[in-house]
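Given the structure is predicted, the values throughout are model-derived calculations rather than measurements. The first residue of the sequence shown is numbered 1, and numbering continues consecutively from there. Indexing begins at 1, ligand by ligand and atom by atom, following the structure's order.
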Amino acid sequence: MVIAIDGPAGSGKSTIAKMLAKHLGFNYLDTGAMYRALTWKAMYSGVNLEDENALCSLMGETSIELQYKDNSVEVFVDGINVTKEIRLPSVTNNIHFISNKLRVRQRMVKLQQKYASVGNTVAEGRDMGTVVFSEADKKFFLDADVEERARRRFAELNLANKKVSYGDVVKDIETRDNRDITRSNSPLIKSEDATYINTTGLTIGEVFNKVLNEIEPILKNRVFKQ
Ligand code: DC
């Protein structure tokens, strides 16, 4: 069984996807972490981020491993733990070079489908419902106003003692939204059959309950059929 969750940065999809995976005993697939991991490797190895051929070859020779435990994901590139590095602003700012390359995405899609083939999975990203798991058992598109998403991100950064202004966080989120929505390959878009949830003004618990309410009938139906 695959549950696909898409949405823009700060929409709450990572938190909800992890909670859901834990609650259901499913695997959790963070596809953003995979794009981050390849971006990190390309930067670290000095590959030209504009060169699609070079990036494709790099992907072919790179191992990206995700380990999900205790509600968090550890990311390994060629056996090196890069969990912290892939979240650095320098990496985040360069992901769009990688995520807009068609052949890189095609390889990523195969890898993501392979990860999900080993068991029940909650997969989150930008193209889960539209491309990677177009036949998912259930699809969600989580969204929230830019200001709310920026407030959440700002609070997270403050908690981590990172000094940034709220205005810069808003700008950052708008830039990422723009890149994710307007890119030519697999742009961020709601799949027609996805359940749309606007999380603005909702607590995590409220969003989780909404998601669970949608999934429980499907789970019951499956048990019934078996
Ligand atoms: O979920 P995240 O913020 O860690 O994702 C980082 C970037 O990776 C996001 O801005 C766009 C890209 N991405 C993508 O293109 N497709 C996905 N399925 C997941 C992420």
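Between D143 and K190, none of the side-chain N atoms (NZ, or NE/NH1/NH2) sits under 4.0 Å from a carboxylate O, so this pair counts as no salt bridge. Using a 4.0 Å cut-off between charged side-chain N and carboxylate O, K162 and D172 make no salt bridge. Classification of K210 and E214 as a salt-bridged pair fails, no side-chain N sitting under 4.0 Å from a carboxylate O. Salt bridge annotation for E156-R153: present, with a cationic side-chain nitrogen under 4.0 angstrom from a carboxylate oxygen.
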Take N81 and F76 through the test side chain to side chain contact (heavy atoms under 4.5 Å, CB included) and record every step on the way to the result. CA-CA 4 Å; N81 189 331; F76 296 84; 3.6 Å; yes

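When only modelled atom types and interatomic distance are considered, T92 and R87 share no side-chain donor-acceptor pair under 3.5 Å. Counting only N and O atoms by type, the side chains of R152 and T199 include a donor and acceptor under 3.5 Å apart. Checking T195 against K138 by side-chain atom types alone, a donor-acceptor pair falls below 3.5 Å.
The backbone and the side chain of R126 each have at least one atom closer than 4.0 Å to an atom of ligand 1 (non-hydrogen atoms only). Residue contacts with ligand 1, taken as heavy atom pairs separated by less than 4.0 Å, involve R36 solely via side-chain atoms from C-beta onward. Contacts between M34 and ligand 1 below 4.0 angstrom, taking non-hydrogen atoms only, are absent altogether. The residue R179 has no part lying near ligand 1, judged by heavy-atom distances below 4.0 Å. Heavy atoms of R183 found under 4.0 angstrom from ligand 1 belong exclusively to the side chain. Contacts of R87 with ligand 1, taken as heavy-atom pairs under 4.0 Å, involve the side chain alone. By the criterion of a heavy-atom distance under 4.0 Å, neither the backbone nor the side chain of T92 is placed next to ligand 1.
Scanning M108, R105, K13 for the heavy atom closest to atom 14 (C) of ligand 1 points to R105.
For ligand 1, the atoms lying closer than 4.0 Å to a non-hydrogen atom of T31 are 17 (C), 18 (N), 19 (C). Proximity to D180 (heavy-atom distance under 4.0 Å) selects the following atoms of ligand 1: 9 (C), 10 (O), 11 (C). When each atom of ligand 1 is checked for a heavy atom of R176 under 4.0 Å away, the hits are 2 (P), 3 (O), 5 (O), 6 (C), 9 (C), 10 (O). Every atom of ligand 1 with a heavy atom of G125 under 4.0 Å away is listed here by number and element: 18 (N), 19 (C). Those atoms of ligand 1 that come under 4.0 Å of a heavy atom in I95, given as number and element, are 6 (C), 7 (C), 8 (O), 12 (C). In the vicinity of M128, heavy-atom distances shorter than 4.0 Å reach the ligand 1 atoms 18 (N).
In plain terms, the two heavy atoms of R36 and I95 that are nearest each other are CG-CD1, 3.5 Å.
Of the N or O atoms in Y35, none lie within a sub-3.5 Å distance of an N or O in ligand 1.
To the nearest 0.5 Å, atom CD1 of residue I3 and atom CZ of residue F140 are 6.5 Å apart.
Taking a 6.0 Å sphere around CD of E135, one finds it holds 12 or fewer heavy atoms contributed by other residues, nucleotides or ligands.
The shell of residues lying under 4.0 angstrom from ligand 1, judged by heavy atoms, excludes H96.
When only non-hydrogen protein atoms are considered, atom 20 (C) of ligand 1 lies nearest to G32 CA, 3.5 Å. Distance from atom 18 (N) of ligand 1 to its nearest protein heavy atom, with residue and atom name: D127 OD1, 2.8 Å.
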